[in-house]
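Notes follow once the structure below has been shown.
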Amino acid sequence: MAAPARARFVHNRSRRRADEDDSDDEDQRRQDASSSSSDDDGGEEEEEEMEVEGSDEEEEEAVADEPAARESPAAAGRGGRKGPITISLKKVCKVCKKTGHEAGFKGAVYIDCPMKPCFLCKMPGHTTLTCPHRVAMEHGVIPAPRRNTNTSLDYVFQSQVKGKISMVKPRFLVPNQLECGNIKFHQRRVTCLEFHPTRNNVLLSGDKKGLLGIWDYVKLHEKITYDSVHSCILNSMKFDTANDGVLYTASSDGTISSTDLDTGIGAPLLNLNPDGWSGPSTWRMIYGMDLNTEKGLLLVADSFGFLYLLDRRSKERIGQPILIHKKGSKVTGLHCNPAQPEVLLSSGNDHFARIWDTRKLDPKSALASLAHGRVVNSGYFSPRSGNKIMTTCQDNRIRVWDYIFGNLESPSREIVHSHDFNRHLTPFKAEWDPKDYSETVAVIGRYISENYNGVALHPIDFIDTSTGKLLAEVMDPDITTISPVNKLHPQDDILATGSSRSIFIWKPKNDVDDPTEERTSQKVKEYVYGSGSRKKPNGKHDNSSDDDSDGGGGKSKKAKKTRFTHTAKGKGKSKA
DNA sequence: AACATATGGAGCC
DNA sequence: TGGCTCCCCTATGT
């Protein structure tokens, strides 16, 4: 529901302002109390710097006669006037190493370094605390003119295709309440999630180690994991809709695997590193994969810019690999147009998203090249008509093209949203709500935190991509980690979230239970499965390296089935 | 409580 | 082009 969520947001925003003031006061007090060594998280050695301060802007000055200070150029600049030399004991900013300010968390509020461009919109002159896109999220849209090309193609589109897009907003329920507990069986961070297309309550999850989990989120004990399908990052999963017992998986180990979900038998479909590891400059990783169900064609892209076509039955490659992004750069994603499966959207590390006709492919044959400010994490056609494109870019902008047959030179909208790249996080990807006939609602996790009741939380945002308005922000006081992986159920009002190693299932809050918010005292139960603790059965630590780049090519692809039973235990984390 | 560490991209030379 | 350094609202284990 838009209205309540909005109200909550405003409320939180005003609370944040109050906190800012608080922390400023705190800052003052602490600095008045002077040389306290309140250096928070170590790292920088020079915790305090003695420095002669010529300017009188500084309030926290102390009188001293430090000989070293007298020799400093700043002192000389004072014209040799004898008298008390003022020096100040100041903190060094961890970000820019300059003095006079500090950056970092003050309680639940993060203070930006004023010397850096805004962490949200990347523009200089302000910080995230004062960024217009943060203060008023609904105005975070950089407008672009609606361009009608007025070509015959556009006319055909307007009359024929546009009618398919429902202009009536469907009932929209935000799955904002944690349904089942904190599911922990992945040993590494979750990298992808997919709902089973036909089997109710079944979710598939992949992690950085390559572990594939298939489990029922209603009957939590019904869980299977496959730990030998892939040897490192599971980047993408696709169901064969012609045979939904088969799952295709793409991995940074350079292989595509097909797994029969009933028998657990896995078969490699493609291995781009048949000769094994011989250094990072030759190791091919697969991030992008999609399936053209009409043609039975598997489309795969590697980390060197090449696209491969694969017949899913014969498992044979069709033609030669085609360079679709800058040579040597990673293709981050592929998506076949849901209405016209031969139309392909690719996104890449070369700051471009490109549209292709897979029937006539050659490196220069892109139907369109969509320029971005930085690496494009993902690009998706809208789920029903396929006539919109939404991309997530590392420049903290979600871009939307409303009409793929129109003028694609610049996006219809750019929505400023915090989803920065961080090497330790799975890249953020804004995804359409597959249930939304109007093709406007998107979901994406948020990087920067907001202060909610003294706790810094990173919500999952529901965005109206036609206006940039924040429809809802989903969060829970017990989830303090960032949630970069989010998947909306194709039919039900359910959201699955991957946050670090945990998985969460959200459902709409029951309308019956009122504003009393009895949820607050209720802690999230943690379901730790047998292998969840990174410890080997013998009690020794799993010291196997996190290195993604070890062999893997020669590994047997026989899927190993493991069953676990869950142990539910209450979690008593106390939050301020 | 203070560490170490996994790790990708940008920007420099 | 390649090799190096920095980035600096991560999460977790020791």
Side-chain angles (χ1 to χ4, degrees), chain A residues 16 19 23 37-45 47 92-98 102-113 115-120 122 127-129 131 134 182 184 186-191 207-209 232-233 235 252 279-283 285 287 303 326-330 332 348-351 372-377 393-396 418-428 445-452 455-459 479-485 498-502 528 532-536 540-550:
Chain A
R16 179 170 55 75
D19 286 328
S23 53
S37 61
S38 78
D39 131 40
D40 14 279
D41 27 314
E44 309 310 324
E45 290 315 302
E47 56 260 277
V92 178
C93 174
K94 283 191 291 184
V95 176
C96 71
K97 314 280 192 275
K98 293 208 173 74
E102 279 181 274
F105 272 110
K106 289 234 184 342
V109 177
Y110 188 90
I111 310 296
D112 264 6
C113 170
M115 300 297 141
K116 295 280 180 180
C118 171
F119 193 69
L120 208 198
K122 309 300 175 194
T127 66
T128 53
L129 287 177
C131 177
R134 169 140 165 178
N182 176 355
K184 279 194 169 179
H186 283 287
Q187 298 176 268
R188 298 289 180 209
R189 58 168 216 248
V190 172
T191 53
D207 72 15
K208 203 176 87 74
K209 260 262 165 79
C232 64
I233 319 180
N235 291 311
S252 288
S281 60
T282 54
W283 187 259
M285 300 180 273
Y287 285 81
S303 51
K326 186 180 168 186
K327 194 169 187 181
S329 77
K330 186 204 298 175
T332 55
N349 263 33
D350 61 354
H351 302 192
H372 289 69
R374 286 198 178 219
V375 169
V376 188
N377 284 346
C393 179
Q394 290 184 7
D395 65 1
N396 265 2
S418 174
H419 49 256
D420 273 77
F421 171 79
N422 181 312
R423 61 197 138 156
H424 309 296
L425 301 175
T426 305
F428 291 86
R446 196 194 303 173
Y447 190 91
I448 48 172
S449 61
E450 204 70 63
N451 176 13
Y452 298 98
V455 187
L457 300 177
H458 310 265
I479 307 175
T480 54
T481 50
I482 294 172
S483 305
V485 188
S499 190
S500 186
R501 287 159 45 187
S502 301
V528 181
S533 67
R534 272 201 75 182
K535 302 220 173 170
K536 295 214 159 165
K540 293 226 166 208
H541 289 124
D542 178 2
N543 269 342
S544 65
S545 82
D546 234 9
D547 197 351
D548 291 335
S549 40
D550 63 330

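Throughout, protein chains are lettered first and strands after them, A, B, ... in sequence-line order, and every chain is numbered starting at 1. Not measured: the values here are computed from a predicted model.
Once rounded to the nearest 0.5 Å, the distance linking CZ of A:Arg501 with CZ of A:Arg189 reads 13.0 Å.
Side-chain atoms of A:Val375 lie closest to B:dG9 of the nucleotides B:dG9, C:dC9, C:dT10. Distance from the side chain of A:Asp112 is smallest for C:dC9 among the nucleotides C:dT10, C:dT12, C:dC9. In the set C:dC9, B:dG9, B:dT7, the nucleotide with an atom closest to the side chain of A:Lys208 is B:dT7. Taking every side-chain heavy atom of A:Ser500 into account, C:dT12 is the closest of B:dA6, C:dT12, C:dC9. If you check B:dG8, C:dG13, C:dT10 against the side chain of A:Arg501, the one that comes closest is C:dG13.
Here A:Lys116 lies in heavy-atom contact (under 4.0 Å) with sugar-phosphate atoms only. Residue contacts for A:Asn349: at a heavy-atom cut-off of 4.0 Å it reaches the sugar-phosphate backbone alone, with no base atom in range. Using a 4.0 Å heavy-atom criterion, one finds that A:Arg374 contacts the sugar-phosphate atoms exclusively.
Regarding A:Phe105, its CZ atom lies at a distance of 13 Å from the C1' atom of C:dA11, rounded to whole Å.
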Would you tabulate the nitrogen or oxygen pairs shorter than 3.5 Å linking the protein to nucleotides 2-5 of chain C?
none

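Judged as a side-chain hydrogen bond (donor to acceptor under 3.5 Å, both in side chains), and not counting sequence neighbours, the contacts of A:Ser499 are A:Thr481, A:Ser483. When the side-chain hydrogen bond (donor to acceptor under 3.5 Å, both in side chains) test is applied to A:Ser500, no partner is found at least two apart in sequence or on another chain. A search for side-chain hydrogen bond (donor to acceptor under 3.5 Å, both in side chains) contacts involving A:Asn349 returns nothing, not counting sequence neighbours. The salt bridge (charged side-chain N to carboxylate O under 4.0 Å, His left out) search around A:Lys122 returns A:Asp420, not counting sequence neighbours. Under the ring-ring contact (aromatic ring centres under 6.0 Å, His included) criterion, A:Phe119 pairs with A:Tyr447, not counting sequence neighbours.
An OP1 or OP2 oxygen of B:dA10 is reached within less than 4.0 angstrom by a side-chain nitrogen or oxygen of A:His351. Between C:dC7 and A:Lys94, no contact under 4.0 Å exists linking OP1 or OP2 to a side-chain N or O. Under 4.0 angstrom from either OP1 or OP2 of C:dA11 there lies no side-chain N or O belonging to A:Arg423. Remark: A:Lys106 is not in phosphate contact with C:dC9, judged by side-chain N or O atoms under 4.0 Å from OP1 or OP2.
Rounded to the nearest Å, the gap between the P atom of B:dC12 and that of C:dC8 is 14 Å.
Map A:Ser483 and A:Cys96 each onto its nearest nucleotide of DNA chain C; the residue landing nearer the 5' end is A:Cys96.
In this structure, A:Phe428 and A:His419 have tilted ring planes: the angle between them lies in the 30° to 60° band.
Side-chain to base pairing of A:His424 with C:dA11: no donor and acceptor N or O lie closer than 3.5 Å to each other.
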